[in-house]
Amino acid sequence: MPHSIDLSGRTALVTGASRGIGYFLAKDLAAAGAHVIAVARTIGGLEELDDEIKAAGGEATLVPLDLTDMSGIDRMGGAIHERWGKLDILVANAGILGVISPIGHVEAKTFEKVMEINVTATWRLIRAVDPLLRASDAGRAIVMSSGAAHSARAFWAPYAASKAAIEALVRSWAHETENMPLRVNAVNPGATRTAMRAQAMPGEDPQTLPHPSEVAEKIMPLASPALTETGLIFDVRKDRFVHYRMPE
Ligand code: NDP
């Protein structure tokens, strides 16, 4: 869907662009005029996105990358620097659920994988592109969190801990950059009709949940050069920013 925000001449990096929320955000960013750098492991999903973007007159660069490849993340940062000298929009969206399980039954390798992809790779990506976002006249970072960071529901411990860590990263980064044009925010998309949600809640009827395209559309204003907020969580369901606090 064409968007009212004009991102022509801007470059946007989206992780987890092969499906779900990241796919539709990448599509919307390209429709708004941004050149999208689309990152994920599944080449088929990236190619489908590329076809859709090109059919709508947009531009994309596909980066098939496993985000556990930390030096690959660094190389991607270097390649963006060589080609554009800056990055305007980061969407750090890729993530995994791990397992829904009592904390004592979580396998070490599952816990480590959730932390590796959701936290370490997100930090590594931030580190790789922070100088590039600072080089933009209106750098925008959108980091996907979850309500789980605050609700810390029973059996969601690894995922909840990883998202709480992500929010702490976002807050620190926002504090470091608050006097710059760069704006850094987390997003709580709310329950969304994707593969991850189906893994978490197999008994739920997906049709009762918002489609990822609806969620992506609500997130788009965070990429706008006009955005002023930084260091906050954008709650998609409420369609507004919320401050960090514990639930009452
Ligand atoms: P999906 O499972 O549909 O998509 C996840 C994306 O992350 C895929 O594109 C996947 O690509 C990518 N990804 C996963 N692991 C890796 C990896 N090792 N390397 C590169 N890319 C990887 O998830 P959603 O769209 O539902 O979730 C997107 C974000 O939103 C996540 O951070 C999630 O935690 C968050 N969220 C989602 C909610 C929901 O209800 N859906 C609710 C709250 C938060 P590929 O497999 O091709 O590599």
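Ligands are counted one by one from 1 in listed order, and the atoms in each one are counted from 1 as well. Note that this is a predicted model, so its numbers are computed, not measured.
Checking only distances, Ile96 never comes within under 3.5 Å of ligand 1, N or O to N or O. On a distance-only criterion, Asp66 and ligand 1 share at least one N/O pair closer than 3.5 Å. Any N or O atom pair closer than 3.5 Å counts here, and Pro189 shares no such pair with ligand 1. Any N or O atom pair closer than 3.5 Å counts here, and Ser146 shares no such pair with ligand 1. Considering backbone and side-chain atoms alike, Asn188 places every N or O at 3.5 Å or more from each N or O of ligand 1.
Cluster annotation: Ile117 is not connected to Val91 through the hydrophobic network of ILVMFWY side chains, with a link wherever side-chain heavy atoms come within less than 4.5 Å. Clustering ILVMFWY residues whenever any of their side-chain heavy atoms sit less than 4.5 angstrom apart, transitively, puts Val114 in a cluster other than the one holding Leu97. Criterion: ILVMFWY side-chain heavy atoms under 4.5 Å apart, direct or through other members. Under it, Ile126 and Leu65 are part of a common hydrophobic cluster. Residues Leu25 and Ile96 do not share a hydrophobic cluster, defined by chaining ILVMFWY side chains whose heavy atoms lie under 4.5 Å apart.
Ranking protein heavy atoms by distance to atom 3 (O) of ligand 1, first place goes to Arg19 NE, 3.4 Å. If you check which protein heavy atom lies closest to atom 13 (N) of ligand 1, you get Ala94 CB, 3.9 Å. For atom 47 (O) of ligand 1, the closest non-hydrogen atom of the protein is Thr42 OG1, 2.5 Å. Among protein heavy atoms, atom 40 (O) of ligand 1 sits closest to Thr192 N, 2.8 Å. Among all protein heavy atoms, the one lying closest to atom 32 (O) of ligand 1 is Asn93 O, 2.7 Å. Of the protein's heavy atoms, Leu65 O, 3.4 Å lies nearest to atom 20 (C) of ligand 1. Given atom 38 (C) of ligand 1, the protein heavy atom at minimum distance is Gly190 O, 4.0 Å. Atom 11 (O) of ligand 1 has its closest protein heavy atom at Ser18 OG, 3.0 Å.
Checking side-chain atoms of Arg140 against main-chain N and O of Leu222 turns up no donor-acceptor pair under 3.5 Å.
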Item to check | Trace of the side-chain contact (heavy atoms from CB on, under 4.5 Å) decision for Met76 with Leu125 | outcome: CA-CA 9 Å; Met76 179 170 66; Leu125 183 64; 3.7 Å; yes

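Looking at Ser145 against ligand 1, only its backbone comes within 4.0 Å, counting heavy atoms. Residue Tyr23 does not touch ligand 1, judged by heavy-atom distances below 4.0 Å. When heavy-atom distances to ligand 1 are checked against a 4.0 Å cut-off, Gln199 has no atom that comes that close, whether in backbone or side chain. With a 4.0 Å heavy-atom cut-off, ligand 1 is reached by the backbone of Leu67 and by its side chain too.
A side chain to side chain contact (heavy atoms under 4.5 Å, CB included) with Asn185 holds for exactly one of Ile219, Ile233, Leu227, Ile142; it is Leu227. Of the options Ile100, Val106, Ile103, a side chain to side chain contact (heavy atoms under 4.5 Å, CB included) to Phe155 is made by Ile100 and by none of the others.
With sequence neighbours excluded, no residue satisfies salt bridge (Lys or Arg N to Asp or Glu O under 4.0 Å) with Asp205.
How far CG of Asp235 is from NZ of Lys218: 10.0 Å, rounded to the nearest 0.5 Å.
Near Tyr159, the atoms of ligand 1 lying under 4.0 angstrom from a non-hydrogen atom of the residue are 33 (C), 34 (O), 35 (C), 36 (N), 43 (C), 44 (C). Residue Ala191 approaches ligand 1 through these ligand atoms, each under 4.0 Å from one of its heavy atoms: 40 (O).
No side-chain donor from either of Thr68 and Glu116 sits under 3.5 Å from a side-chain acceptor of the other.
Classification of Lys86 and Asp88 as a salt-bridged pair holds, one side-chain N sitting under 4.0 Å from a carboxylate O.
With atom 23 (O) of ligand 1 as the reference point, the heavy atom nearest to it among Glu204, Met196, Met201 is part of Met196.
Every heavy atom of Arg193 sits 4.0 Å or more from the atoms of ligand 1. Residue contacts with ligand 1 do not include Gly45, since none of its heavy atoms lies under 4.0 Å from the ligand.
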